[in-house]
Number of protein chains: 2
Amino acid sequence: MNSADLASGPCPLGRAAGIFGDRWTLLIMRNATLGATRFEQFRTGLGIADNILSNRLGKLVDAGVLTKEPYEDGNRIRSHYRITQAGVALRPVLEALAAWGHTYANPAEPTIAVRIVHLPCGLPTADGSYCDVCDTGITNEDAAWVMPWVSEEPIPLATAAVTAAPDGN
Amino acid sequence: MNSADLASGPCPLGRAAGIFGDRWTLLIMRNATLGATRFEQFRTGLGIADNILSNRLGKLVDAGVLTKEPYEDGNRIRSHYRITQAGVALRPVLEALAAWGHTYANPAEPTIAVRIVHLPCGLPTADGSYCDVCDTGITNEDAAWVMPWVSEEPIPLATAAVTAAPDGN
DNA sequence: ATTGCAAGCTTGCATAAAGGAAGCTAACAT
DNA sequence: ATGTTAGCTTCCTTTATGCAAGCTTGCAAT
């Protein structure tokens, strides 16, 4: 079996793994969730090679998790990549992976958990999807991640570019 | 940057992606969670090449999510790979990915969600970690996945081989 | 006006990872 | 004796990744 076949199988986990199962894609989505939109931002933020980044961004657009849109930079038209509804919906996956990594990955060096704060109340949440204090669900619009090894400042999360239909193409 | 460096960075999501960010590892963990333990089971279940499987199982043992243990097959000693506590803890990641894949990946073909059932009550759960009906948390011991494209029969999940310390080595 | 520079790519080439097939070993089973 | 299975390893080919260079457009400085 070629692993490209996974993306078309009946198992939803297999299909997701077919999209995100490579070295860079999850990290690109992490950075997109944290607000990166431009080629240069992804490149310097990740240290990924140009050609690989170009390829991955294209695949993520094809997969429907990012959109490529022109935007004006002065008088010049540049491209940027904005997260779609499907991309926003990946947040629980990223948070679950971050939580796992905090507890289990390479714990020899001091690890610091990502905290998911609910911006309206400013309080961290246990779950990422629900604020027990406010008794409401948490969307990307009112969520932020605190990554203490970067800064104690909460980083607001990117919101969906368009209310995309759940269409993978 | 070489992506191997990710596994040692400060970001827990980056470290997790360094372990699971390849074509096969998440699928190996899916099958391990569903009870696969032997080389042959992984190989035929996934269609992965022998050398890659051998390499991945070794890395997963090194990462602390699987253990390699001898077991008796008749008079002969064979190896099997059992999931550890760190491996069991990956279940939320797998379930989040499966949920995402069901909604967003390649929805052209009919997709069927994985259902996570709480074995004591036999009822599906919304969350995977908590049974609202029984008002208890759900561990692998009393959870099962229903993958309707395979069978309506709930598949009980593998439980941890040892109560491993959260030690990645 | 020319030079330089940044963003966003593409192209070409070297290296690393993945895939496929064959081979190897130890214990059965025939 | 011959074949078979699980669990690997080795060899070779193909694909993916990494690195460097080049290209284009506009803007900014000289």
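Proteins get letters first, then strands, A, B, ... in listed order; numbering begins at 1 in each.
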To the nearest Å, give me how far apart [atom1] ([X]) and [atom2] ([N]) are.
{"X": "A:F42", "N": "C:dA7", "atom1": "CZ", "atom2": "C1'", "result": "14 Å"}
{"X": "A:I48", "N": "D:dT17", "atom1": "CD1", "atom2": "P", "result": "9 Å"}
{"X": "A:L46", "N": "C:dG8", "atom1": "CG", "atom2": "P", "result": "14 Å"}
{"X": "B:F39", "N": "C:dT25", "atom1": "CZ", "atom2": "P", "result": "17 Å"}
{"X": "B:E40", "N": "D:dC8", "atom1": "CD", "atom2": "P", "result": "11 Å"}
{"X": "B:N51", "N": "D:dT15", "atom1": "CG", "atom2": "C1'", "result": "14 Å"}
{"X": "B:I52", "N": "D:dT14", "atom1": "CD1", "atom2": "C1'", "result": "12 Å"}
{"X": "A:R23", "N": "D:dT15", "atom1": "CZ", "atom2": "P", "result": "17 Å"}

Members other than B:V133 in its cluster, when Ile, Leu, Val, Met, Phe, Trp, Tyr link by side-chain heavy atoms under 4.5 Å?
-> B:L123

Residue closer to the 5' end of DNA chain D, B:L57 versus A:D22 (nearest nucleotide) = B:L57

Out of C:dA18, C:dG19, D:dT17, whichever nucleotide has its closest atom nearest the side chain of B:R56 = C:dA18

Would you indicate which nucleotide in D:dC8, C:dA18, D:dT17 comes nearest to any side-chain atom of B:S79?
->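 Shortest atom-to-atom distance from the side chain points to D:dC8.
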
Report yes or no: does A:D22 contribute a side-chain atom to a donor-acceptor pair with the main-chain N or O of A:T25 at less than 3.5 Å?
-> yes

Between [atom1] on residue [X] and [atom2] on residue [Y], distance to nearest 0.5 Å:
{"X": "A:Y130", "Y": "A:I138", "atom1": "OH", "atom2": "CD1", "result": "9.5 Å"}
{"X": "A:I116", "Y": "A:W145", "atom1": "CD1", "atom2": "CH2", "result": "7.5 Å"}
{"X": "A:L46", "Y": "A:N31", "atom1": "CG", "atom2": "CG", "result": "4.5 Å"}

Verify same cluster id: A:V146, A:L119 (apolar side-chain graph, 4.5 Å) |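 Yes, A:V146 and A:L119 fall within the same hydrophobic cluster.
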
B/S/- contact track for nucleotides 23-29 of chain D, protein heavy atom under 4.0 Å | --BSS--

Establish, with yes or no, whether the OP1 or OP2 oxygen of D:dA16 is under 4.0 angstrom from a side-chain nitrogen or oxygen of A:K59.
-> no

So, is A:W24 close to the D:dA16 phosphate, meaning a side-chain N or O under 4.0 Å from OP1 or OP2?
-> no

Earlier contact from the 5' end, DNA chain C, for B:D50 and B:N55 = B:N55

Report all side-chain donor-acceptor pairs from residues 33-45 of chain B shorter than 3.5 Å, counting only partners two or more places apart or in another chain.
{"unit_1": "B:T33", "atom_1": "OG1", "unit_2": "B:M29", "atom_2": "O", "d": "2.8"}
{"unit_1": "B:T37", "atom_1": "OG1", "unit_2": "B:Q41", "atom_2": "OE1", "d": "3.4"}
{"unit_1": "B:R38", "atom_1": "NE", "unit_2": "B:Y71", "atom_2": "OH", "d": "3.3"}
{"unit_1": "B:E40", "atom_1": "OE1", "unit_2": "B:R43", "atom_2": "NE", "d": "3.3"}
{"unit_1": "B:E40", "atom_1": "OE1", "unit_2": "B:R43", "atom_2": "NH2", "d": "2.6"}
{"unit_1": "B:E40", "atom_1": "OE2", "unit_2": "B:R43", "atom_2": "NH2", "d": "3.3"}
{"unit_1": "B:Q41", "atom_1": "OE1", "unit_2": "B:T37", "atom_2": "N", "d": "2.8"}
{"unit_1": "B:Q41", "atom_1": "OE1", "unit_2": "B:R38", "atom_2": "N", "d": "2.9"}
{"unit_1": "B:R43", "atom_1": "NH1", "unit_2": "B:D50", "atom_2": "OD1", "d": "3.3"}
{"unit_1": "B:T44", "atom_1": "OG1", "unit_2": "B:E40", "atom_2": "O", "d": "3.0"}

Is B:R38 touching bases, backbone alone, or none of the nucleic acid, heavy atoms closer than 4.0 Å?
->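 Sugar-phosphate, no base atom in range.
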
Looking at every strand, decide which applies to B:Y81 at a 4.0 Å heavy-atom threshold: base, sugar-phosphate, or nothing.
-> sugar-phosphate

